[in-house]
Each structure stands twice: as structure tokens, then as C-alpha cells.
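Comments concern the structure below.
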2 protein chains.
Amino acid sequence: MATSIFEHPPASERVRDALRAAHLYYMQDLTMEAIAAELHTSRSSVSRLISYAREAGLVEIQVKTPAERISTALQRIQDKHHVTVHVVPVPDSANEIDRLERVGMSAARILNQYFDSNMTMGIAWGSTMSAVSRHLQPKVTHNSQIVQLNGAANTRTTGIVYASEIMSRFGAAYGAYVQQFPVPAFFDDPATKQVLWRERSIRRVLDIQKRMDVALFGLGTPLSEVPGHVYTSGYLDESDFQSLTASNVVGDVATVFYRADGSSSDVPMNLRSSGPPLEQLARVSRRVCVVSGKSRMPALRGALAAKLITDLIVDEATLHGLLDD
Amino acid sequence: MATSIFEHPPASERVRDALRAAHLYYMQDLTMEAIAAELHTSRSSVSRLISYAREAGLVEIQVKTPAERISTALQRIQDKHHVTVHVVPVPDSANEIDRLERVGMSAARILNQYFDSNMTMGIAWGSTMSAVSRHLQPKVTHNSQIVQLNGAANTRTTGIVYASEIMSRFGAAYGAYVQQFPVPAFFDDPATKQVLWRERSIRRVLDIQKRMDVALFGLGTPLSEVPGHVYTSGYLDESDFQSLTASNVVGDVATVFYRADGSSSDVPMNLRSSGPPLEQLARVSRRVCVVSGKSRMPALRGALAAKLITDLIVDEATLHGLLDD
DNA sequence: CCACGTTCTGCACATGTGTGCAAGTAGCTT
DNA sequence: AAGCTACTTGCACACATGTGCAGAACGTGG
């Protein structure tokens, strides 16, 4: 009876039962009542077991759009940019907050198809990533890690709480090791960055970033009336904005800026940014971008032009704007 | 308003709505009530749409056993025979009929992970395959085909109705082309088989069989008190049974017999069988075997010894018998 | 234009599932 | 052994979903 020394019996028995209940429920279409009888327990316990199975990621549910259901306009976009588009249905009446929330939830579910054991996922931070992180669907993985793509400290706060909260949600959902990146989002002086980038502790993180299998990011935009987190929370000052405008920047990924044509070289701000150069990002084999809201459309067009995206998760209305090109 | 000339509007609009409803339900966790409001329809219609989405294979649900939950005994079996085992939970109290039904249902669901567009699946026939066929989960595929592995005619009937019913259920579930194999299960004279096998119409089918990507089969057993379909329905006569006994046969796959050690050469009956030689079967990249009931255990041991199986779907009780080796 | 059969819709009810709560249980401490 | 906390269980109820049925909408053919 005294078995608590082992990790197995207490929690593991629960997993075993949950697995069995889930199998009977989803694979054999038994009702919870019937399952309760088989497991010699009450129906409510079965309900809880199945909830647990879902929450623990023992059950995977996906909605698949048959290829022939994809509109030709969308097909053209996909072919042109070598991108897989996941359309998130959101009523036109929804406000930006709801929209972001729902896209985030869908993105979180879709993500589970792409992330698995032995993988490294790089993630940016921002309002979009925050939304995604709040809806992550747990999934058991081993030997996987999450690495932060760009620093979050700014002149007002260290940004640690905000970014690390996002990071740790990812870590918790996948049981992955979390690698933070404790540097400012932007350096005041490019030289400081150069120097710091030679530090071994920093290079360790940069190396992990270079080897990541999946990159997950939202898009920032300086143009919108509802700008991203970066543009409102003390990361940029007036001269920075002027610099971005002068460079014709339309958006950013992990605080690295690009123009409408997708180019990002010669943007002075990028020399001071802690995010990965976009050429490097483009070498990651899967690059998942989450976009919500029409205000991000110019940024999205630029990101597509820069070939930054392999998988795009976007709300319906924004996508429709894109189709009109 | 008059658009019924096109194939699109009538049925396709339904698919579109079903897809949207399913997405909102499974990916965004909305209640059917909320979805009804978004789609401007009643809650009951949404319930029906989502049912339809499930039935049409637009939604895929799978229960995944985390690797660390697999018992070491099972792990040993898997490693030894290079096989992936899917355990189907069935209460010990269940009778053989229920057991078969439930294993069949689970097998049908699992199968969807393995069969997709541009694939050819070979299937045997028998009581197990019949059970599987009755529970197939539809899935949209293109350019796929189902090919019958062995003939079904016998001295009493042409077996066409029985086997072709199984076949066509598979075809319907996957939208696949169905290739029947209109020959007897066993020839009276091996020479007849040799001659027929040279016919171009027959060789076409044999060629398709050789190129199949997935083989799906149950196991026959001559030993059981509850024998498989082949052993009870006029396929074999008294002398055939004696021949099998003399050859120490423990089971068959698609009416090709093997011994406990997995060997199948020198079994005279096989010269007259219409099924694919086991050496040929073993070259198929995925070979899914469905087994239900302890009576099939000797047949299962033999099939494992013959390395016929890459994926085994088996009820819990039968598996436990196997683990005691 | 009407009569007919078919399909679709929403209502009302039946069934199935989720959850707050109180009682019970197990492990641990004193 | 009693007392404590943390967790689990089943009940009763609230909520969510499935479905038979009657009427509406649609398409078809007379």
C-alpha cells in the first residue's frame, strides 16, 4: 500500500484510466455511462477522466480541409509564396480583441501538429504570441526545448515578466526546456550588441536559435492605429520611429524590421535589434506565422515577400483582404 | 438562383458550413448555441452539421499513448518483432462477438492514420475484415485504390456478394477505386491457377497487389472452436483439413497458410490458394493485422514469427496471452 | 400554376455531459 | 491514535447535445 516512493502508481494509474476511458469514448463510441460500468466507477469520474485526457494532450482532434475545398484564389496565394494557409473563421462583427483571442486559440491547436519530441521551437513575444500562449493545448514531448528569439528588456522594464510568462506557458504545455534570452529588445548602440554577441553565454542561445526546427511569431506593424506591443510599450522612442519611417518599414518579426518588398538589409534599427536576422530565420524548416486583424495586412504582405512564412494562421477577414491583390 | 447545373452550390455549401462549424466547435471551443448565432441558423442544425463533419471525415480524432506509458513487456514484443501494437481495451466479460465488433471499430479508426491519397491498400476478407468494414470512418482521398488480396468463390457460392460488400465499403469510405479479384479462394488443381495467373486480366490485379502500400488482414485459424469464415463456409473439404493438419498449419493470411515457426513453403494447399505468397506480402511497407480473441493466439504467434505484421491491432486479453511468452 | 415528393428547418423533448458540493479517503504530522 | 490537509468520489442538478416530428421550402413534372 505504501508506494509513493515510486513516481508510477499514484499519477500514472490516472493516466492509464484516462487513456482507457478516452479510447472507449472516442474510438469505440461508448457513452460515459457505459464506460463507467466497465471501469467500475461513476459516470462523473469518467467525465473527469476524459476531460483530463483532453487537457493532458492524450487526445488529438483536428479539423482537416479537403484539398478540393480550397478556393482557387487562396490556392494561388499558397503556390506563389510556398505557404500553407490555415483560415480561422471569425465573424466580421468580432472586435480586434475577440479576433486575436480566437486566432490565438486556433493557432495553439494547429501548432500541436508541428511540434513534437526532440524539437526546438523558437518563439517571439508580443500581443499575438501572448494570445497563443494562453490557449496552448498540452502535449507530451521529450527532449524538446523552447528558445526565446529576441530580448524583451526596454527602457522602462526588463520585460522579463511579460516575455518569460509567455515562454514558460509554452514550456509547461509541452514539457519542454525553456531557454530565455535575457537581453534588451533593442540596444542603444550596435557596438554593444556586437560585443555581447561574443559572450559565450549569449552565443549558446544564438546557437540554439540557429538549430531550431520551428519558429513561431506574430507580425509587428508600425502603421496601425492598434500597433503591436513593441510599438507602444517603451521599446521605441521618437527618433526610432523616424528611423523606421525613413527606412520604409512595414512590419517586423521578432523586432527585426522589413520593407514592403521583404528586404531588411540597410534598416539601421536592425543593427540594434536582438532578434535573428531574417535571412537566418528563413533557413528554419518550419516558420509559423500568426496574424489577426486587417491592420497587419501590409506587414503580412511584406513577410510573404520576404519568404519568412511556411505556415500562415490568419483570420478570415484579413485573408480576404489579401486575396484581393 | 438557378445554379444546380454546377456540382458546387448544393452539396458543397453544406461542406463549407460543416467545416466552419467543426472548426468553431473543436478548435475554438464554442458551444453549438454560439455557433448557431454566427451561422444564423438553429442550434439543432449546427448539431447536424457537426455530426455530418464527423461522418464525412472532416474531423479526425485520435488517442495517443505516450511512449513512456507502454509496459516493458509490450515494449519487448514490439522490439522483437518490429511491430507497433495498438491495444484495444475490451472488458474481459465481453463475448467473442462484442470483442470482434469493438476491435473492428478501433481498427477502422486507426486505419485512417495509415491510408491516404495516392495509396493502394490490399485487403483480405473474413469475419474480422467484415467487422472492420462495418465501422470504417470515411476520409476524403484522391487517386487511391482498394485491391482484393485473394479470391472468394467456393464450391457453394461465388462469394462475390460477401467479399464485394466488404470491398465496396472500403471503397465508399475512402472514395477509392475498388479492384475486385474474381477467382476462387482455392483452386482444385494448382495447374489451373498457374494457367489463370498468366491471363492478362488476372496479372493486372496481381500487379496492383505487388505495388500496394498497405495490406490489411485478419488471421485465420484452423485450430479454434470458433474458426474463421474460411474454415466453416464450404471453402475447405475434409481432405483439405487433413492436408493442413499434416503440414502443421497454425493459421492463414488471405488464405495462405503458415506454420508456428512462420514458414509457409511446402504447404501443399498454398499452391492452390489465390492469396499472395507470404514472402511477397512481407515486402509491403505497411502490413496491418487485426486480431480479436484468444483463439487466434497461435495464429498470431505464427504471423509474428513470419514477420508478416508491421502494425498489430489486438484486444487487450489476447495481447496479455501473448505477453506471457 | 398546381400537385407531388423530397429535403431542410426549428421546436420540444430525450439523452448525454459538466460541475458544485458534501462526504469520504489517504497520506502525513504531532 | 488523533488531527490535519489535500485529494478523490458520487450525487444532484445545470447545462449541452441529439433526434422525432410537423411544417416550410424547394425542386420536379404534370
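Just the heavy atoms: all of them, side chains too, but no hydrogens, waters or symmetry mates, feed the values below. Note that this is a predicted model, so its numbers are computed, not measured.
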For [N] and [X] - does any side-chain N or O of the residue sit under 4.0 Å from the phosphate oxygens OP1/OP2?
X	N	value
S47(A)	dG18(C)	yes
T41(B)	dT9(C)	no
S45(A)	dG10(D)	yes
Y25(A)	dT17(C)	yes

What heavy-atom pair brings A107(A) and V132(A) nearest, and what distance separates the two atoms?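 Distance-wise, the nearest heavy atoms are CB-CG2, 4.1 Å.
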Nucleotide [N], atom [atom2] - distance to [atom1] of [X] in whole Å:
X	N	atom1	atom2	result
R43(B)	dC15(D)	CZ	C1'	11 Å
Y52(A)	dG18(C)	OH	P	17 Å
L39(A)	dG10(D)	CG	C1'	15 Å
H40(B)	dG10(C)	NE2	P	12 Å
L49(A)	dT9(D)	CG	C1'	11 Å

Decide yes or no on side chain to side chain donor-acceptor pair (under 3.5 Å) for D116(A) and Y174(A), but give the supporting numbers first. CA-CA 8 Å; D116(A) 217 322; Y174(A) 297 117; over 6 Å; no
Among [options], which is the nearest nucleotide to the side chain of [X]?
X	options	answer
R48(B)	dC11(C), dG10(D), dG18(D)	dC11(C)
M32(B)	dG10(D), dC21(D), dT17(D)	dT17(D)
T31(A)	dT17(D), dC11(D), dG16(C)	dG16(C)
S44(B)	dT17(C), dT17(D), dC11(C)	dC11(C)
R54(A)	dT19(D), dT9(D), dG18(C)	dG18(C)

Under 3.5 Å: donor-acceptor pair, side chain of T84(A), backbone of D311(A):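 Here the side-chain-to-backbone pair does not exist.
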Do the side-chain N and O atoms of R134(A) and S130(A) include a donor-acceptor pair separated by under 3.5 angstrom?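 A donor-acceptor contact under 3.5 Å links the two side chains.
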